[in-house]
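Working notes for the structure below.
Nothing here was measured: the structure is a model prediction, and the numbers come from that model.
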Amino acid sequence: MKTAALFCNKFCNIVFFIAVMVSLLSSCSEKSTPERTIQQFQAALNVSDYEGVLDCFEPKVKNGIMGMATIAGNFLGLDGTALLDMLPFVLDIAAANNEYLSEDVDELENALESIDITVNSVQYNDQQTKASVSVTINIYDYSQDDTINMVKVKDIWYISS
């Protein structure tokens, strides 16, 4: 009896583990689309997630920005990634000592939180490797129509330079 209960317990744990893994893998394998990349970009902007924002840009753009951060960090004796990670903190410290800058930083944070990007249409090139995405960007009561150019790299859509 004890052996049967032990077997059932192990079997149930294995089935549960497999179900969780299938669920996780299927959620991670959503096909990349220009619309999803723009949603991720907006979500990262809304919470001031600069790393998340950079992840939405094609690798050469992200690498270029990281290279510039590394050069700037070298002057300060810091790692480039650390420099970018510290940016919100440094702005808060600077704003705490300057009421005008404080208002600007608060306004910027509020604007980032309120950004809403609506995808109106997507036009692909013949090879389906580039796309022009017509969007409407809303910040508070301000609205602007614009085009975001995108590129597909290794089956992942990125905002291009």
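- Closest approach of Ser161 and Lys60 over heavy atoms only: OG-CE, 3.8 Å.
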Side-chain donor-acceptor contacts of residues 66-74 below 3.5 Å, not counting sequence neighbours, with atom names and distances?
{"residue": "Thr70", "atom": "OG1", "partner": "Met66", "partner atom": "O", "Å": "2.8"}
{"residue": "Asn74", "atom": "ND2", "partner": "Thr70", "partner atom": "O", "Å": "3.4"}

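- Residues Gln42 and Asp116 are in side-chain contact: their nearest non-hydrogen atoms beyond the backbone lie under 4.5 Å apart.
- Listed by chain and number, the residues in a salt bridge (Lys or Arg N to Asp or Glu O under 4.0 Å) with Asp55 are Lys62 (sequence neighbours excluded).
- Residues Val133 and Ile38 form a side-chain contact, since some pair of their non-hydrogen atoms from C-beta on lies under 4.5 Å apart.
- Among residues two or more places apart in sequence or in another chain, the side-chain contact (heavy atoms from CB on, under 4.5 Å) test is passed with Glu35 by Thr33, Val119, Val122, Tyr124.
- Taking NZ of Lys31 as the reference point, atom CH2 of Trp157 lies at 9.5 Å (rounded to 0.5 Å).
- Hydrophobic clustering, with ILVMFWY side chains joined whenever heavy atoms are under 4.5 angstrom apart, keeps Tyr50 apart from Tyr158.
- Ala44 and Gly52 make their closest contact through CB-C, 3.6 Å (heavy atoms, listed as atom of the first residue, atom of the second, distance).
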Got a list of side-chain donor-acceptor pairs under 3.5 Å for residues 141-155, not counting sequence neighbours?
{"residue": "Tyr142", "atom": "OH", "partner": "Gln144", "partner atom": "OE1", "Å": "2.7"}
{"residue": "Ser143", "atom": "OG", "partner": "Asn138", "partner atom": "OD1", "Å": "2.9"}
{"residue": "Asp145", "atom": "OD1", "partner": "Thr136", "partner atom": "OG1", "Å": "2.7"}
{"residue": "Asn149", "atom": "OD1", "partner": "Ser132", "partner atom": "OG", "Å": "3.4"}

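- Not counting sequence neighbours, the partners of Phe41 by the ring pair (Phe, Tyr, Trp, His ring centres under 6.0 Å) test are Phe57.
- Put simply, the side chain of Ser160 does not reach to within 4.5 Å of the side chain of Lys130, judged on heavy atoms.
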